[in-house]
Amino acid sequence: MARRFDVIVVGGGHAGIEAAVAAARLGADVALALPNPDTIGMMPCNPAIGAPGKSQLVFELHALGGVMPGLADETAIHGRTLNAAKGPAVRSLRVQNERDGYAAAARAAVERTAGITLVRGEVAALSVDTRTDGSRRVDGVSLSDGRALGAHAVVLCAGTFLRGVVWYGRQQRDAGRQGEAPARHLSSSLVATGHTMMRFKTGTPPRIRSDSVDFGALEVVPSDDPPASFTGRPGARVTESPTWLTRTTQETHAAIRAALHLSAMFGGDIEGRGPRYCPSIEDKIVRFADKDHHLLFVEPDGVDTSEVYLQGFSTSLPPSVQDALVRTLPGFGRGLVQRYAYAVEYDALDPTQLDVSMMSRVLPGLFSAGQINGTSGYEEAAAQGLVAGVNAARWSVGETPVSIRRDQGYLGVLLDDLVRWGVDEPYRMLTSRNEYRLLHRQDNADARLVEVGRSWGLVDDERVAAVMASEARVGAEIARLRRSRIDGDLAATALCRPGVAYEDVLARIGGGEAMLDERERRRVEVEIRYASYIERSGEELRRRTEHEQVSLDGVSFERIASLSTEGRQSLEKMRPATLGAAGRLRGVRDSDVAALLIHVKAGRHVSRETMTG
């Protein structure tokens, strides 16, 4: 007989960690199945967390009770706020992590979470329970060695391993990533259960031996001081290492053009679609032929590591070409490649087969998260993993699913984009994807979502109370600045002037009763300086939120003559639950939204039940 669990999580990457820990913390008996537990929390690409769009997800994970923010802070060796000179909507923390340290901390976090059993093995197929009424639901998994595990819910977090193939030049080998076997059978099981698969591609740059790099020839990028953090508790080593910058040269570009016929991607060998926002270096040279150089980031794999990561230099060219290319870069004239770059091609699920709980519409009880859903990046994977893990635990005991709405945060945007629109390339979260980005800043993530984290059962009352107390201090200080005066003007008005900092205002009016920490001081500045923009965005959000309450249940789109042809086709295919969800579909115009609203208000449909979607 199969051993039974409440939840089985397949894969120990960033999605799998969040899913397993969240489900176990909610009381589920969890099996974390993967071929090698030593690979839990590995960072096969750059060992870094954050950046625009991504850091906002990590701050939201912290508010909701996720694991990644603490791991990132604990193992950070460099931290920097990107876009610091720009508006608060796009300011984003990014930390460089110690690769081996992060993996060790991640495994420790999994192992100290009660309720998680590590199962070593390759998951080969899904087990399906077909009921007397013909309905189906997942019932567990079988392993390639013949073992069977039963479960009420299964969460697939397979990363790039489904039928994975790595490419070095035009030579290929079966692998999920360098040195690790692919998941050979699971794609077939997904297809057999009615799922549609896609084929995607991603890549990684070469790692260079640190002792072969002339760091004196590189531009130094220091850590922020004082350092920022995702959790409010910067790691002990966050300022310990700088990062560096170098650039490609005309010699680099000429060498790449001469070798394009050796590239798996340009030679036509790779079937999968690659990420637009993280192109290979050969793709950059071809697409941006007018550029005489491209910026590259030289980042350490750790304080005591023997190699550095050459971010921006992803390639599928063969190793012999990589050796020569690296030595055309300033500071790398004697560069020695320690690990060669490669491209990896893999299967992914069409995410429009999911709902926003991350459960399959095709096979109830089956959840998925991460690159298997067509996304790229550690942060996107972790965010999906948290939602999938929470809902897998809830499904296992018959509770209703939960999610984050688009109007609540970046996590909601991510889920909505995947489920409503789908993907035709690996999806990366960007600040430009979020129409509410001024309201969904990284500095107010706790205030927005910590109560949601408590309602899910992942955040305790003490943490909520601390967040509420902090919000009260910020609010009180904003009120004080709006009633205090400096030379006849309000202190809040003075703070909005160019070059005036919060500390300058305090020097004139005194510190007041509340002792604010650095984060709270920056919150005060943002809320006052951008008050009119925040208010305007809030009004727009409230207007759009009303559309989320307009149900489209029972609407026959084919009967609405004023819909555009493209809009009608999209609506009939996706069947959105609300007017808000309809307005986010590709091909649906503002005029289509107006026509739907008129139709609903006229009562020409079956039901007016309020839903969310």
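We number each residue from 1, following the sequence as shown.
By the 4.5 Å heavy-atom criterion applied to side chains, Gln442 and Ser92 are counted as neighbours. Using a 4.5 Å heavy-atom cutoff, the side chains of Leu552 and Pro576 are in contact. Between Thr431 and His440, every side-chain heavy-atom pair lies at or beyond the 4.5 Å cut-off. Considering only heavy atoms from C-beta on, Lys54 stays 4.5 Å or farther from Tyr410 through its side chain. Between Glu540 and Arg543, some side-chain heavy-atom pair lies under the 4.5 Å cut-off. In this structure the side chain of Val526 reaches within 4.5 angstrom of the side chain of Arg441, judged on heavy atoms. Under the 4.5 Å side-chain criterion, counting only non-hydrogen atoms from C-beta, Gln549 is not in contact with Thr578. The shortest distance between side-chain heavy atoms of Leu329 and Thr249 does not fall below 4.5 Å.
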Practice task
Evaluate the criterion salt bridge (Lys or Arg N to Asp or Glu O under 4.0 Å) for residue pair Arg497 and Asp489; output intermediate values, then yes/no.
Solution key: CA-CA 11 Å; Arg497 293 173 185 152; Asp489 286 332; 2.3 Å; yes
Exercise for the section: Output, in order, the C-alpha distance, side-chain angles, deciding distance and verdict of salt bridge (Lys or Arg N to Asp or Glu O under 4.0 Å) for Arg542 and Glu535. Expected result: CA-CA 11 Å; Arg542 282 187 285 276; Glu535 183 178 355; over 6 Å; no
Practice task
Kindly determine whether Leu64 and Val450 satisfy side-chain contact (heavy atoms from CB on, under 4.5 Å), including the steps that lead there.
Solution key: CA-CA 6 Å; Leu64 293 168; Val450 73; over 6 Å; no
Handout entry: Worked check of side-chain contact (heavy atoms from CB on, under 4.5 Å) between Gln96 and Asn46
Key = CA-CA 8 Å; Gln96 189 74 18; Asn46 197 342; 3.0 Å; yes
Practice task
Kindly determine whether Glu548 and Leu579 satisfy side-chain contact (heavy atoms from CB on, under 4.5 Å), including the steps that lead there.
Solution key: CA-CA 6 Å; Glu548 301 296 336; Leu579 186 63; over 6 Å; no
Handout entry: Evaluation steps, side-chain contact (heavy atoms from CB on, under 4.5 Å), between Arg480 and Ile509
Key = CA-CA 10 Å; Arg480 185 175 79 98; Ile509 67 171; 3.7 Å; yes
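Residue Glu462 places its CD atom among 12 or fewer non-hydrogen atoms of other residues, nucleotides or ligands, all under 6.0 Å distant. Shown here is Arg589, whose CZ atom has no more than 12 heavy atoms of other residues, nucleotides or ligands within 6.0 Å. Within a 6.0 Å radius of CD in Glu518, other residues, nucleotides and ligands contribute more than 12 heavy atoms.
A donor-acceptor pair under 3.5 Å links the side-chain atoms of Arg91 to the main chain of Lys86, judged by distance alone. Distance alone, capped at 3.5 Å, places no donor-acceptor pair between the Arg508 side chain and the Val505 backbone. Looking only at distances, a side-chain donor or acceptor of Asp224 sits under 3.5 Å from a matching main-chain atom of Thr81. Between the side chain of Ser570 and the backbone N or O of Gly587 there is no donor-acceptor pair closer than 3.5 Å. Asp460 contributes a side-chain N or O that, together with a main-chain N or O of Arg463, makes up a donor-acceptor pair within less than 3.5 Å. The backbone N or O of Val356 sits less than 3.5 Å from a side-chain atom of Ser403, completing a donor-acceptor pair. The main-chain N or O of Arg233 is found under 3.5 Å from a side-chain atom of Ser229 such that the two form a donor-acceptor pair. Judged by distance alone, with hydrogens and angles left aside, the side-chain atoms of Arg394 form no donor-acceptor pair with the main-chain N or O of Glu399 at under 3.5 Å. Judged by distance alone, with hydrogens and angles left aside, the side-chain atoms of Gln408 form a donor-acceptor pair with the main-chain N or O of Arg405 at under 3.5 Å. Side-chain atoms of Thr246 come within 3.5 Å of backbone atoms of Pro330 as a donor-acceptor pair (strictly under, hydrogens ignored).
The CG atom of Asp416 sits 11.0 Å away from atom CG of Leu411, with the distance rounded to the nearest 0.5 Å. If you take CE on Met574 and OG1 on Thr352, they are separated by 5.0 Å, rounding to the nearest 0.5 Å. To the nearest 0.5 Å, atom CG of residue Leu516 and atom CZ of residue Arg473 are 7.5 Å apart. For the atom pair CZ of Arg237 and CG of Asp73, the computed distance is 14.5 Å after rounding to the nearest 0.5 Å. Annotation: the span from Ser368 atom OG to Asn373 atom CG amounts to 3.5 Å, rounded to 0.5 Å. The CG atom of Asn97 lies 10.5 Å from the CG atom of Asp301; values are rounded to the nearest 0.5 Å.
Nearest approach of Ala383 to Leu61, heavy atoms of both residues: CA-CD2, 3.9 Å. A pairwise comparison of heavy atoms in Ala109 and Leu71 identifies CB-CD2, 4.4 Å as the closest pair. Among all heavy-atom pairs drawn from Leu541 and Leu439, the shortest one is CD2-CD1, 3.5 Å. Nearest heavy atoms, Gln311 versus Arg94: OE1-NH2, 3.4 Å. Of all heavy-atom pairs spanning Glu379 and Val58, the tightest one is CG-CG2, 3.6 Å. Pairing each heavy atom of Met68 with each of Tyr378, the nearest pair is CE-O, 3.5 Å.
Tyr502 does not carry Arg523 over the face of its six-membered ring by the limits of under 6.0 Å from the centre and within 45° of the normal.
A centroid separation of less than 6.0 Å is found between the aromatic rings of Tyr102 and His14. Residues His62 and Phe230 keep their aromatic ring centres 6.0 Å or farther apart.
No salt bridge links Glu477 with Arg521; every basic N to acidic carboxylate O contact stays at or beyond 4.0 Å. The pair Asp461-Arg454 meets the salt-bridge criterion, with a side-chain N (NZ, NE, NH1 or NH2) lying under 4.0 Å from an Asp/Glu carboxylate O.
The aromatic rings of Tyr530 and Tyr533 sit tilted, their planes meeting at an angle between 30° and 60°.
When only modelled atom types and interatomic distance are considered, Asp407 and Tyr436 share no side-chain donor-acceptor pair under 3.5 Å.
Partner Gln384 forms a side-chain contact (heavy atoms from CB on, under 4.5 Å) with one of Ile372, Leu354, Leu57, Thr375 and no other, that one being Thr375.
Residues passing the salt bridge (charged side-chain N to carboxylate O under 4.0 Å, His left out) test with Arg428, sequence neighbours excluded: none.
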